[in-house]
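Note sheet for the following structure.
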Amino acid sequence: MRTLLILLSAFSAIFLTTACGPSGSDTADSETPPDSIRKEVEQAIASLNKMRESLAATIDTPTVDKSTFERVCKPVGKRAKQISAERGWVVQQLAEKYRNPAHKLDAEAQELHEQFAKSPDLTDTWIRTVRNGRVGWRYARRITVQSSCLACHGPKQQRPDFVKKGYPNDRAYGFEVGDLRGLYSVFVPTPLSDTSTASVF
């Protein structure tokens, strides 16, 4: 009888462990991914933003042309695509007042943008979401207008000629220093949270 009770007790313990799962098993339903993924994403985008600001700071002349774009803006977009390819994320630069229609906010990003617009002190945020049928997390970080950005994104009439001619439907003007320029958006599929980050950064 004593042996039977011991066996029943052991069975109950195994059942409860299996049913309840280990601590932290609800990570997949969390608004934020595991710390390893969260830190990797945030560090990668912080680095991208630093790159943007450093390149923008090199605009030290009122004369801005297409070569300035090639030197300052294009490398940031290229790096964003590189991060996407290396890590399996979807990295985007999105804006309400966009220059390239490819950077237009989607419905979900529009809601995020409104959060940032209403909360000037909000730097970044995470949400749980689904993209093209894949469950994952979306990270958004504020892009802030720097003084050097006004060479292309200041008053409408002061935009460089290459912008006026090349982007007839341009909306990315009328900004002031410190304004919300747009968002970095990163979608991270859930399965990636189960892989080691050592090989992707």
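None of the values given here were measured: they were computed from a predicted structure.
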Minimal non-hydrogen separation, Thr190 against Trp137, with atom names: CA-CZ3, 3.8 Å
Expected output: side-chain Thr144 to main-chain Gly178 donor-acceptor under 3.5 Å: no
Reported CG-to-CZ distance for the pair Leu122 and Arg141, which is rounded to 0.5 angstrom: 11.0 Å
Cluster companions of Phe187 among Ile, Leu, Val, Met, Phe, Trp, Tyr (side-chain spacing under 4.5 Å): Val90
Rounded distance (nearest 0.5 Å) linking atom NZ of Lys118 with atom CG of Leu180: 13.0 Å
His153 and Phe175 aromatic ring geometry - parallel, tilted or perpendicular at 30°/60° bounds: perpendicular
Residues Glu70, Lys66: salt bridge by 4.0 Å N-O rule: no
Distance in Å, Asp179 CG paired with Cys149 SG, rounded so as to fall on 0.5 Å steps: 10.5 Å
Common cluster, Ile45/Ile127, ILVMFWY with side-chain heavy-atom separation under 4.5 Å: no
Single-linkage hydrophobic cluster, 4.5 Å side-chain cutoff, Leu55 and Val177 together: no
Sidechain N-carboxylate O distance under 4.0 Å for Arg159, Asp170: yes
Contacts of Arg181 that satisfy salt bridge (charged side-chain N to carboxylate O under 4.0 Å, His left out) - sequence neighbours left out: none
Side chain to side chain donor-acceptor pair (under 3.5 Å) between Glu111 and Gln115, worked out: CA-CA 7 Å; Glu111 294 181 6; Gln115 290 182 32; over 6 Å; no
Heavy atoms of other groups near Lys74 NZ, more than 12 under 6.0 Å: no
Single-linkage hydrophobic cluster, 4.5 Å side-chain cutoff, Val130 and Leu112 together: no
Exam field: side chain Arg79 to backbone Leu48, donor-acceptor pair closer than 3.5 Å: no
Smallest separation among heavy atoms of Ala109 and Leu105, with atom names: CB-CD2, 3.8 Å
With Pro155 via side chain to side chain contact (heavy atoms under 4.5 Å, CB included) - residues at least two apart: Gln158
4.5 Å side-chain heavy-atom contact, Val72 and Thr58: yes
Minimal non-hydrogen separation, Ser148 against Ala56, with atom names: OG-O, 2.8 Å
Distance-only donor-acceptor pairs under 3.5 Å for side chains of residues 91-98, two or more places apart:
unit_1: Gln93; atom_1: OE1; unit_2: Arg52; atom_2: NH2; d: 2.1
unit_1: Glu96; atom_1: OE2; unit_2: Gln110; atom_2: NE2; d: 3.0
unit_1: Lys97; atom_1: NZ; unit_2: Tyr173; atom_2: O; d: 2.7

Ser54 side chain to Lys50 backbone, donor-acceptor under 3.5 Å: yes
Any donor-acceptor pair under 3.5 Å from Arg99 side chain to Arg171 backbone: no
Neighbour count >12 (heavy atoms, 6.0 Å) for atom CD, Glu176: no
Listed once per pair and sorted, the ring pair (Phe, Tyr, Trp, His ring centres under 6.0 Å) pairs that draw on residues 103-133, sequence neighbours left out: Trp126-Tyr139
Interatomic distance, Ile59 atom CD1 to Gln146 atom CD [nearest 0.5 angstrom]: 10.5 Å
Pairing residues for Glu108 by the side chain to side chain donor-acceptor pair (under 3.5 Å) criterion, not counting sequence neighbours: Thr129, Arg138
Side chain proximity check, Ile143 to Leu183, heavy atoms < 4.5 angstrom: no
Interatomic distance, Glu42 atom CD to Thr123 atom OG1 [nearest 0.5 angstrom]: 10.5 Å
Check against side chain to side chain donor-acceptor pair (under 3.5 Å), Ser119 and Asp121: CA-CA 5 Å; Ser119 305; Asp121 294 331; over 6 Å; no
